[in-house]
Amino acid sequence: MNKKREVKKIKSGNYSKEEHSKEPISPTHPKHLYGRIHALVEHKLWLQVIFALFFGIGIGLLIGPDIGLIDFEISKLIGEWASLPGILFLKIIQIVVIPLIFVSIIIGITGAKNLRQLKQMGLTLAGYFIFTTIVAVTIAILLASTIQPGKYISQDSINLTDTANLPLSDVSFSMPSFNEIPSFIDRVFPTNLVGSMVYGELLAIVFFAIIFGIALIAINPRKARPLISLLSAVQSLCMTIIKWAMFLAPIAVFGMMIKLTTEFGISTLLGLGAYVLTVLIGLLILIIFYFIIVYIFAKKTPREFIKQIRDAQLLAFSTSSSAAVMPLSMKVAEEKLKVKPAVAQFVIPTGAVINMDGTALYQVIATMFLAQVFGVSLGITALLLLIVTVVGASIGTPSTPGAGIAILAMILTGLGIPLAGIALILGVDRILDMSRTTVNVTGDLTASVFIDKVVKST
Ligand code: ASP
């Protein structure tokens, strides 16, 4: 192959399938690996993940506490070992997700034609995020007050004293009171990019990226160009590492499901059936709401839409982390949903950090459920406070497993509901986390379709 052409391809990273097949590549050659991963992500990932999911749950049930074919201690040990590929998978993604969010948002912003278009995109997106979160919260309030899941819990089953093992330690976000607002803004507004990256402060990183991106549009294009090339090289590099990690995805899902089922079993789920069902019905309604948006603005039927986004949804379901799925969501938005790259690269990472409709819905239902269980009545003022807090909290909730329940602790405190309630719902939280993360990711993908259609490209 001509040397110049080869160098050009290495730069762009665009190796087509034909080129892979024409070149004599040994099985261990990195290019060969790249091709296989590409094929995996392109064609069969969802099938493999579904298979891994059910297979993992099946094995977990057999050896877990419900059927208990083997000793509990041994099944716990198997669960620990089985979860190792999942831990590695998430770690590899964590390594690159922060730089990826940073560079993708900047590149997305610089892809805007001009500042006017950027302003339109930013404002529409902010309005969209707030609107869909309010829809999520409203669905939650209506459902929790009609179904009243708290009524199905007997008071004797509640242990109010045990708060020792609650996931409260890493709560890093709290809603400010009115006179705390200035110092709250001062705290949230970043001052040190490297510091924010080191501490994984995603919200601060999004702020930085937006300011950086706007400045990059404002300076002389000749000066901006080398920096944009550098950032897009970093982006390609991160995406390549993510593609390698995807290779582990089915094994990771398989192991994580074994661990999950051996730890909790199905019986925990059944005890809190009414609560779990209320959250799941709410999430389903939210997904239908997204289908309507996608149908109205992109003329895509729900079937088509699901078919295009199922890779991302299944990975969200199995990892419970919208940050971990973010790179795949970006790829799905661009390649399957055909969203313009600049829009996908701006909307998806921003959404992964600040738009969590599923989490908002869950937090409201969980709060109202616990209020019903503990007989705390929530009047109009308390409900309004709940709405404002949850809309704010869903922006500050980290996109990682279990973050939603940690933030829930602060919401409960604000409303005078005993924190020990968290112990009650903790056992079923993982399955709800998986489901709400799927909705969070679907919400971001819907947002990208919406912005792509609504914001004019001229
Ligand atoms: N795990 C969720 C996410 O990553 C956040 C949550 O716990 O609600 O989107």
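In this chain, numbering begins with 1 at the start of the sequence shown. Counting convention: from 1, in listed order, for ligands and their atoms alike.
Taking a cut-off of under 4.0 Å to the non-hydrogen atoms of S321, the atoms of ligand 1 that pass are 4 (O). Counting atoms of ligand 1 from 1 in the listed order, those under 4.0 Å from a heavy atom of T437 are 1 (N), 2 (C), 3 (C), 4 (O), 9 (O). Residue G404 approaches ligand 1 through these ligand atoms, each under 4.0 Å from one of its heavy atoms: 6 (C), 7 (O), 8 (O). Shown in contact with S320 at under 4.0 Å from a heavy atom are these atoms of ligand 1, numbered in order with element: 1 (N), 4 (O). Taking every heavy atom of T359 and a limit of under 4.0 angstrom, the matching atoms of ligand 1 come to 5 (C), 6 (C), 8 (O).
In this structure a side-chain-to-backbone donor-acceptor pair under 3.5 Å is missing from E334 to K331. At distances below 3.5 Å, at least one donor-acceptor pair connects side-chain atoms of S435 with backbone N or O atoms of I431. Between the side chain of T262 and the main chain of K259, a donor-acceptor pair closer than 3.5 Å is present.
Looking at Y128 and T446, their side chains come closer than 4.5 Å, going by heavy atoms from C-beta outward.
For I405, no heavy-atom contact with ligand 1 is shorter than 4.0 Å.
In this structure, atom 4 (O) of ligand 1 lies nearest to the protein heavy atom S322 N, 2.8 Å.
Note: an N/O pair closer than 3.5 Å links A403 and ligand 1 by distance alone.
The aromatic ring centres of Y275 and Y152 sit 6.0 Å or more apart.
Using bins of under 30°, 30° to 60° and over 60° for the plane-to-plane angle, the ring pair F297/F450 lands in the perpendicular bin.
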